[in-house]
Asks: 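Once you've had a glance at the structure underneath, I'll fire off some questions.
As a basis for the values below, the full set of heavy atoms in this structure was taken, side chains included, without hydrogen atoms, waters or symmetry mates. Being a predicted model, the structure only gives us computed values, none of them experimental.
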Amino acid sequence: MRKIISLLLALMLLMCPAMAEEEEEWTLEDMLADLDPELVADIFINAEEAQNAQAIETEESIQEADGSILITITGTGDFTVGGDSRKSSNIWDTELKKHKGDYQFAMKNIRDILLADDLTIVNFEGTLTESTYVPSSKKNNQFLFSAPPEYVSMLTENGVEAVSLENNHVMDHGEDAYIETQTHLSNAGVVWSGGGELGVIEVKGISIAMLSYLCIDRYDQLWDTVPADIQAAKELYPLVIVNFHWGNELMYYPTDNQIKMGRLAVDSGADLVLGHHSHRIQPIEYYNGVYICYSLGNFCFAGNSKPSDMTSYLFQTRFRVRGEGEEQQITNEGFIIIPIRISSRADKNDFIPTVLTKESTIDSILNTLRENGRKHCEYAVDEYPLAWPTTK
């Protein structure tokens, strides 16, 4: 292919003097008119063959040895950066100064993991806006969150392809700022879902649909809506992921409504359920062949300088796709968790999610998940693998 391009460039350079003298508009046909027709034919035939070969190589590169396609998806908890516009200073800006204004600092310890998967989904809890408007319904809130619009690159530069935009902070600066946030995400190529909007992202040629719901005090409005939305999405897309913002803050296990809604989502066709809001980790259920993560805790969280529990985890799962069209089959290939602390330091929150290596801390996370699963979740998984099995 490079030889063909070089030949065409050389031909164009040879024709440049003639083009300059006659000051006429030359077409590719004009430039090739005096050449041997067989040579011209060879050039374009070879170019087409090279393009076809490149397409085949690209297709093969996403396939496993058996011809299947393996999709790795990472789910995380709350992504909350920036500060409260009502305050002259905030803990995020104080930390940002230590990094000379480089807001990408927060993702430096986790970036490689998110770049290595095929799709990362976070709960984007806040707004991308410079607006200082605060709705009357929000004026008495203890926390409001906003970040400059350019912070969207914290997602795009660090392997986050999609966000759930349905939580109790997306309206912190009103409807206009909410729409502005959607616009910034879309313009940056980040897929979002929320407010009844379906997000769709293509991964290795497979279309994945994403739905997001704020449940906390709205379950009665959603018992009919959620299954109808999921069923409609499942008719169009082979994989449907559902995000729920639900449960009670600081709780390590799901409420009855969480469990009821999570299983309803699965029974309606969801292939994966991701939950958040409690700021604490909660167990994972394996219900009717689908994983329900009741809470992924915090992730990159600038809402507190030192939460009483800074541990959390990333959830990873894999789907294997075989065949095409009506013969296409998609199976779940299990999951792992990656235990993290939401800070690189144990004494304070510096907003840098960091993979844990201390065995005692990891064991504490695993024990918390197992114990609460046994007590509160009928279909809780028994084990929480920490690494994918190696293939020979």
Side-chain angles (χ1 to χ4, degrees), residues 62 69-81 104 106-125 152 154-165 167 185 188-193 199-204 206-212 239-245 270-276 281-286 290-301 311-321 330 332-342 352-356 362 365-366 369 381 384-389:
I62 65 173
I69 295 173
L70 194 62
I71 297 174
T72 301
I73 298 173
T74 304
T76 82
D78 295 345
F79 184 94
T80 304
V81 295
Q104 302 290 356
M107 302 291 280
K108 64 181 182 179
N109 289 349
I110 218 80
R111 182 174 186 266
D112 289 346
I113 294 173
L114 306 187
L115 288 174
D117 67 10
D118 299 304
L119 171 61
T120 298
I121 303 170
V122 306
N123 170 48
F124 190 88
E125 190 146 15
V152 72
M154 290 184 69
L155 304 174
T156 58
E157 294 297 317
N158 296 289
V160 179
E161 293 86 6
V163 304
S164 168
L165 203 61
N167 51 67
L185 290 167
V190 178
V191 174
W192 58 270
S193 66
V200 179
I201 185 168
E202 186 170 299
V203 179
K204 293 183 175 179
I206 307 300
S207 294
I208 300 175
M210 185 173 66
L211 292 161
S212 301
L239 280 174
V240 177
I241 299 173
V242 183
N243 297 271
F244 289 115
H245 205 67
D271 298 287
L272 176 63
V273 175
L274 302 175
H276 25 75
I281 57 173
Q282 292 182 359
I284 296 172
E285 275 198 318
Y286 188 58
V290 174
Y291 294 110
I292 304 174
C293 303
Y294 283 109
S295 178
L296 296 169
N298 293 323
F299 173 49
C300 182
F301 185 68
T311 61
S312 189
Y313 68 89
L314 308 182
F315 171 83
Q316 278 196 346
T317 188
R318 286 175 172 171
F319 292 93
R320 189 177 298 278
V321 184
I330 300 180
N332 190 285
E333 298 288 300
F335 80 99
I336 65 169
I337 69 167
I338 303 173
I340 65 169
R341 185 171 53 232
I342 63 172
I352 304 174
T354 302
V355 175
L356 289 168
I362 294 173
I365 291 174
L366 298 178
L369 291 169
V381 299
Y384 289 83
L386 301 178
W388 293 105

Asks: Among residues at least two apart in sequence or on other chains, which ones pass side chain to side chain contact (heavy atoms under 4.5 Å, CB included) with A116?
Replies: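 Result, side chain to side chain contact (heavy atoms under 4.5 Å, CB included) vs A116: none returned.
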Asks: To the closest 0.5 Å, what do you measure between CG (L314) and SG (C293)?
Replies: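 Going from CG on L314 over to SG on C293, the span is 11.0 Å.
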Asks: Looking only at heavy atoms, which two atoms of I340 and I365 are closest? And how far apart?
Replies: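 Closest approach of I340 to I365: O-CD1, 4.4 Å.
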Asks: Please answer whether the main-chain N or O of I352 pairs with a side-chain N or O of T354 as donor and acceptor at a distance below 3.5 Å.
Replies: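 Judged by distance alone, yes, a pair lies under 3.5 Å.
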Asks: With a 4.5 Å limit on heavy-atom distance, are the side chains of I337 and L366 in contact?
Replies: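 Yes. Closest side-chain heavy atoms under 4.5 Å.
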Asks: With side chain to side chain contact (heavy atoms under 4.5 Å, CB included) as the test, would you mind laying out the steps for F319 and I206 before giving the verdict?
Replies: CA-CA 11 Å; F319 292 93; I206 307 300; over 6 Å; no
Asks: Do you know the tightest heavy-atom contact between F299 and P353?
Replies: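 The answer is O-CG, 3.4 Å.
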Asks: Got a second to check how far T76's OG1 is from N123's CG, nearest 0.5 Å?
Replies: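 Answer for the OG1-CG pair, T76 versus N123, is 7.5 Å.
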Asks: With a 4.5 Å cut-off on side-chain heavy atoms, are L296 and Y313 touching?
Replies: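 Of all side-chain heavy-atom pairs linking L296 with Y313, at least one is under 4.5 Å.
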Asks: Please walk me through it: do V355 and N109 pass side chain to side chain contact (heavy atoms under 4.5 Å, CB included)?
Replies: CA-CA 7 Å; V355 175; N109 289 349; over 6 Å; no
Asks: Using the rule given for side chain to side chain contact (heavy atoms under 4.5 Å, CB included), can you reason through L155 versus F79, listing the C-alpha separation, both sets of side-chain angles and the distance that settles it, and then say yes or no?
Replies: CA-CA 10 Å; L155 304 174; F79 184 94; 4.0 Å; yes
Asks: When rounded to the nearest 0.5 angstrom, what is the spacing between CD1 in I336 and CG in L386?
Replies: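 With rounding to 0.5 Å, CD1 (I336) is 8.0 Å from CG (L386).
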Asks: Kindly write out the residues that satisfy ring-ring contact (aromatic ring centres under 6.0 Å, His included) with H276, not counting sequence neighbours, or none if the list is empty.
Replies: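 With sequence neighbours excluded, H276 shows a ring-ring contact (aromatic ring centres under 6.0 Å, His included) to H245, given in chain and number order.
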Asks: Does the side chain of L369 reach to within under 4.5 Å of the side chain of I284, using non-hydrogen atoms?
Replies: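 No, side chains not in contact.
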Asks: Pair I113, Q316 - check side chain to side chain contact (heavy atoms under 4.5 Å, CB included), show working.
Replies: CA-CA 10 Å; I113 294 173; Q316 278 196 346; 4.0 Å; yes
Asks: Does V203 have any side chain to side chain contact (heavy atoms under 4.5 Å, CB included) partners at least two apart in sequence or in another chain, and if so, which?
Replies: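 Result, side chain to side chain contact (heavy atoms under 4.5 Å, CB included) vs V203: I71, D118, L119, I201, I208.
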Asks: Flag the pair V160 / F124 as yes when at least one side-chain heavy-atom distance between them is below 4.5 Å, and no otherwise.
Replies: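 V160 vs F124: side chains apart.
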Asks: Atom CG of D78 and atom CD of E125: how far apart are they, to the nearest 0.5 Å?
Replies: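 Taking CG in D78 and CD in E125, the distance rounds to 4.5 Å.
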Asks: What I'd like to find out is whether the side chain of V152 reaches to under 4.5 Å of the side chain of L185, using heavy atoms alone.
Replies: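 Yes, close enough: below the 4.5 Å cut-off.
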Asks: To the nearest 0.5 Å, what is the distance between OG1 on T120 and CD on E161?
Replies: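 Atom-to-atom, T120:OG1 and E161:CD are 5.0 Å apart.
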Asks: Minimum heavy-atom separation for I342 and S312, please, with both atom names.
Replies: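 Where I342 meets S312 most closely, the heavy atoms are CG2-CB, 4.3 Å.
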Asks: Measuring from D271:CG to T317:OG1, what's the distance to the nearest 0.5 Å?
Replies: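 Separation between the atoms: 10.0 Å.
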Asks: Could you pull out the closest heavy-atom pair between G199 and S193, with the gap in Å?
Replies: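 Heavy atoms of G199 and S193 come nearest at N-CB, 3.7 Å.
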Asks: Nearest heavy-atom pair of M154 and A106: which atoms, and what distance?
Replies: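 In this case the closest contact between M154 and A106 is CE-CB, 3.8 Å.
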Asks: Do the ring planes of Y384 and F335 sit parallel (below 30°), tilted (30 to 60°) or perpendicular (above 60°)?
Replies: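 Taking F335 first and then Y384, their aromatic rings stand perpendicular (interplane angle over 60°).
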Asks: If you take all heavy atoms of E333 and W388, which pair is closest and at what distance?
Replies: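 Distance-wise, the nearest heavy atoms are O-CZ3, 3.6 Å.
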